[in-house]
Every structure is written in structure tokens, then in C-alpha cells.
Amino acid sequence: MKVEKIVLRKMRMSLKFPFTTSFGTQQVRDFILVEAHTPDLVGYGECVVSGQPFYSEETVGTAWHMLEDFLVPKIFEQGDIAHPDQVSELFAPIRRNNMAKSALDAAYWDLYAKEQGIPLAKALGGTKDKIEVGVSLGIEKDINDLFRNVEKHLELGYRRMKIKIAPGKDVQVIRALRERFGSIPMMADANSAYTLADIETLRQLDEFDLMMIEQPLAHDDIIDHATLQKALKTPICLDESIHSYEDARKAIELGSTRIINIKVGRIGGLSETKRIHDLCQQHGIPVWCGGMLESGIGRAHNVAVTALPNFTLPGDTAGSSRYWEEDIISPWVEVDAEGMITVPDAPGIGFAPDREKIEKFTTASKVVTRG
Ligand code: OSB
Ligand code: MG
């Protein structure tokens, strides 16, 4: 891939709604877009950081620094990159900063698929034409707002409801939803709001037949989760705790998780996604694709990875219109009445970037040319 120019863009978009989790509320989405230009084609990647280090330690500022001062220079020092797997290999000596790394990995994967003239899903080894999706619903002050949100997304066809929980907004909320909506496919995501001292509360959730409880305990834990899993019927799904193939291997070995939420940014890219996907498949651990409130670019990558065969549970990749008044791709990611997204068959991510909208939401940019 003869990349001659890499463009970094700081982006700011506003969500249609404030999204509240156990670690805070966000409505403004600050993130970074990466473009890898050859004379003929452009590969796109989204760096799913946010303005604050609450979900992970990375922010727009730290990722910009890593991209500008280390990752882009490293790519340009290297001769030609023939396959996108080489991007993560090249970055391996640099510790962590996975979201920053992932943005370039994703741009090279898109570019690679475009050069091959095949959809990104195919380039990754995807086998599905359509993917099944659910929706992640934030914490609401008034339970009636949550009821309305669940009702709306059931009507739209979404295949499962993920309910954000936090201490004081857990057992009562899930019970109220079960009483109102019956046995709909439902799960809870705690974003690390509990400790083993809360085991009784977490055990009470067992009664509601949830598909899983996502990341109940600390963001960096896999030991206490193993203890908790032994005390629960409901499967635990790890999100924040898994940053790599090695993390996944150890968590599986310890019995800390029965399902893994794969977020491409959190684990450092699409090549690592494939490795973790394959590992989980060998161990009978289903995976699904998590979300970071992505713009259309990151969303398109999520659609592509979900075409891999062991993404057997509905992901958080809701349609563009759930999040945005204006998205930066055309067409938008759309969910049909059965809660499915059709995997595009155009080359690369298969959704055309809307250059006008990209410019509109760019707050700063930097062009780096191969020296
Ligand atoms: O824990 O999965 C999470 C959003 C931001 C940070 C963390 C999480 C989430 C979501 C939203 O749950 C998923 C989405 O709709 O993109
Ligand atoms: Mg989560």
C-alpha cells in the first residue's frame, strides 16, 4: 500500500441524547479520524477515544500525541506495508495506547480491502450477509424514560436490550423492566461499578434470566470476576478488562468470563480482533461487538467485524439514526425491522465517507506526508 499522506482530524459531534453510564454522562463526542491516502484511494479509521479518561485512560489528547509523535512516524519509517497485519506488528513494541493504534490499523484494513476490490468483511474472513444487533440504553433518572426507550427500540426491531446499571439503579430497574416487558432478550452493563462486597446484589440479578452481566467489577480485574462467576448463574461478559489476546486467554483460563465484548479500539485493531475471535471460537466463548458511540466510520468497521462467524450474539452496533442528526457516511448504517444490518458488498468499509460532513465536524487537522 503506497500511502503518501496520513491525515489526522479532531472531530466533535453531538449525540441526539445524553448517554449516562455508571462512570458519567456524555453528549458531546470528541474523537479522532485517521485517513491513509494513496494516489488513488483513501482508507479510513476512527479512534474511539473521548474527551475524558473515564472509560479508559486514553483521551483525544493522548491519542493525538501518540499518533503524531510515534505511530504515524513509525509507519512512515517502515518501507511499504503489504498487509494490514503488519501495522499491529509494527506497533507491538509501543505499550498500550490501543485506541490510537487501532485507528491506523483500521485505516490500513479499509485501504487494503479497497485495493483488493473486496468488502472489508470479506477481507477479514467474515461469512455473514447480515448481522444481528441490539441497543445499549443509558441510565435514566425517571424509569418512565427507560420504559419509553425500551419500547421504542423493541418496536424498531432491535434484538436485545442492554441496560446500563449502577448501585441503586440495578435490581429494581431490571425487575421493573421484566414486569413490564416480559421475557425480552435483555442484559445489564455495570461498567465496573461493583466490588465483591456487592455479591448479594449481583446474585439477586440471577433471578431475571439476563443473557449476561457485562463488566460488573473493576476495569482491571480478572481474578474477582472468576470468583463472582462461580457464585452466579448469569454469564459474565468482560468489556473493560480485555485489552489483548493475552488478556482474553487468561480470563478464559481463569473462568472470569463466559462471553467477550470485543471493541476494536479497546484491543488495538482489527488484526487483534481476528485473533481474539478465533481464540474464543476454539474455547466455545461467544463474542459480540461492543460500541463506543461511533460515528459512521467506526460503525462501518464494527459492521464488518461482526460478519465473522463467532460473533453469535447481537452487538451494540445500532443504526446511525439512534445517535446522530447528521452522520459522516452515506448511506447511513440502517437497522431493518428484524433488527438486522446488511453487510455492504462495496469494497472496503462499504459506506462512503461524506466529505462535506467530515469537514463540518473537524475542529483541527494535521497532514503528515511521507518524508
Ligand atoms: O460499556 O459498552 C460500554 C459507550 C461508551 C463507553 C462504554 C460503553 C458504551 C456503550 C454504548 O454501552 C454502546 C454504543 O451504543 O455504541
Ligand atoms: Mg460495556
Side-chain angles (χ1 to χ4, degrees), residues 13 15-31 46-60 98-99 102 131 133-140 146 149-150 152-153 156 158-166 169 186-194 210-221 225 235-243 251 257 259-267 287-303 305-306 313-324 327 332-333 335 339 341:
M13 292 169 70
L15 289 167
K16 282 163 93 170
F17 52 90
F19 186 73
T20 301
T21 63
S22 63
F23 61 80
T25 299
Q26 50 178 328
Q27 181 146 19
V28 174
R29 277 300 286 127
D30 284 306
F31 62 97
E46 176 164 343
C47 179
V48 297
V49 282
S50 35
Q52 286 91 27
F54 298 143
Y55 169 78
S56 87
E57 68 279 20
E58 292 185 83
T59 66
V60 170
N98 285 350
M99 291 178 181
S102 173
I131 62 161
V133 293
V135 66
S136 173
L137 302 176
I139 294 170
E140 302 287 351
L146 183 57
N149 234 344
V150 169
K152 171 178 162 187
H153 289 94
L156 287 169
Y158 282 91
R159 296 261 177 149
R160 66 99 173 97
M161 301 293 131
K162 168 166 134 181
I163 311 298
K164 292 289 189 179
I165 58 168
K169 292 268 189 185
M186 184 161 72
M187 58 174 288
D189 185 1
N191 290 106
S192 300
Y194 300 89
L210 297 172
M211 298 165 78
M212 69 197 88
I213 301 176
E214 185 176 341
Q215 195 73 35
L217 308 179
H219 69 94
D220 54 357
D221 169 76
H225 279 101
I236 290 175
C237 168
L238 289 179
D239 172 357
E240 283 89 331
S241 292
I242 305 296
H243 296 272
T257 194
I259 298 169
I260 290 181
N261 164 341
I262 293 187
K263 287 182 185 168
V264 176
R266 195 192 66 227
I267 62 176
V287 303
W288 55 276
C289 184
M292 289 295 291
L293 311 166
E294 284 90 348
S295 81
I297 300 290
R299 196 163 300 281
H301 284 89
N302 289 347
V303 170
V305 301
T306 306
L313 292 163
D316 277 347
T317 311
S320 298
S321 64
R322 155 139 175 84
Y323 308 88
W324 313 114
D327 202 350
W332 287 16
V333 172
V335 175
I341 295 173

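One-based numbering, in listed order, for ligands and for the atoms of each.
- For the residue pair Glu294/Asn302, the side-chain donor-acceptor check at 3.5 Å is satisfied.
- Given atom 13 (C) of ligand 1, the protein heavy atom at minimum distance is Gly291 O, 3.5 Å.
- Shown in contact with Glu214 at under 4.0 Å from a heavy atom are these atoms of ligand 1, numbered in order with element: 2 (O).
- Proximity of His219 to Phe54: side-chain heavy atoms (C-beta onward) are nowhere separated by under 4.5 Å.
- Closest approach of Arg266 to Met99, counting heavy atoms only: N-CG, 4.4 Å.
- The closest side-chain heavy-atom distance from Val303 to Thr317 is below 4.5 Å.
- With hydrogens and angles disregarded, a donor-acceptor distance shorter than 3.5 Å links the side chain of Ser320 to the backbone of Val333.
- Heavy atoms of Gln215 stay at 4.0 angstrom or farther from ligand 1.
- Here Glu214 contributes OE2 and Asp189 contributes OD2, and at the Mg ion (ligand 2) these two atoms make an angle of 90°, given to 10°.
- Figure legend: Arg322 and Phe17 shown as a cation-pi pair, the cationic atom lying under 6.0 angstrom from the six-membered ring centre and within 45 degrees of its axis.
- Short contacts between ligand 1 and Ser136, defined as distances under 4.0 Å to a heavy atom of the residue, involve ligand atoms 10 (C), 11 (C), 12 (O), 13 (C).
- For atom 8 (C) of ligand 1, the closest non-hydrogen atom on the protein side is Lys263 NZ, 3.4 Å.
- For atom 14 (C) of ligand 1, the nearest non-hydrogen atom of the protein is Tyr323 OH, 3.4 Å.
- Only the side chain of Asp189 comes within 4.0 Å of ligand 1, counting heavy atoms alone; its backbone N, CA, C and O stay farther away.
- If you look at Lys162 next to ligand 1, the close heavy atoms, those under 4.0 Å, all belong to the side chain.
- Set against the non-hydrogen atoms of Asp316, the atoms of ligand 1 under 4.0 Å away are 12 (O), 13 (C), 14 (C), 15 (O).
- A heavy-atom distance below 4.5 Å is not found between the side chains of Ile262 and Trp288.
- You'll find the side chain of Cys289 stays beyond 4.5 Å of the side chain of Lys263, heavy atoms only.
- Closest to atom 16 (O) of ligand 1 among all protein heavy atoms lies Leu293 N, 2.8 Å.
- The N, O or S atom of Asp239 with the smallest distance to the Mg ion (ligand 2) is OD2.
- By the criterion of a heavy-atom distance under 4.0 Å, the side chain of Asp239, and not its backbone, is placed next to ligand 1.
- Taking the ring axis of Trp332 as reference, the NZ or CZ atom of Arg299 does not stay both within 45° of it and closer than 6.0 Å to the ring centre.
- Note on ring orientation: taking the six-membered ring where Trp is involved, the planes of Phe23 and Tyr55 are tilted (angle from 30° to 60°).
- Residue Lys164 has at least one nitrogen or oxygen atom sitting less than 3.5 Å from a nitrogen or oxygen atom of ligand 1, judged on distance alone.
- Atom 1 (O) of ligand 1 has Asn191 ND2, 2.7 Å as its closest protein atom, hydrogens excluded (heavy atom only).
- The proximity of Val135 to ligand 1, defined as any non-hydrogen pair under 4.0 Å, does not occur for either the backbone or the side chain.
- Annotation: atom 6 (C) of ligand 1 to nearest protein heavy atom, Met292 SD, 3.6 Å.
- A donor and an acceptor atom, one from each side chain of Asn261 and Glu214, are located under 3.5 Å apart.
- Taking every heavy atom of Tyr55 and a limit of under 4.0 angstrom, the matching atoms of ligand 1 come to 6 (C), 7 (C).
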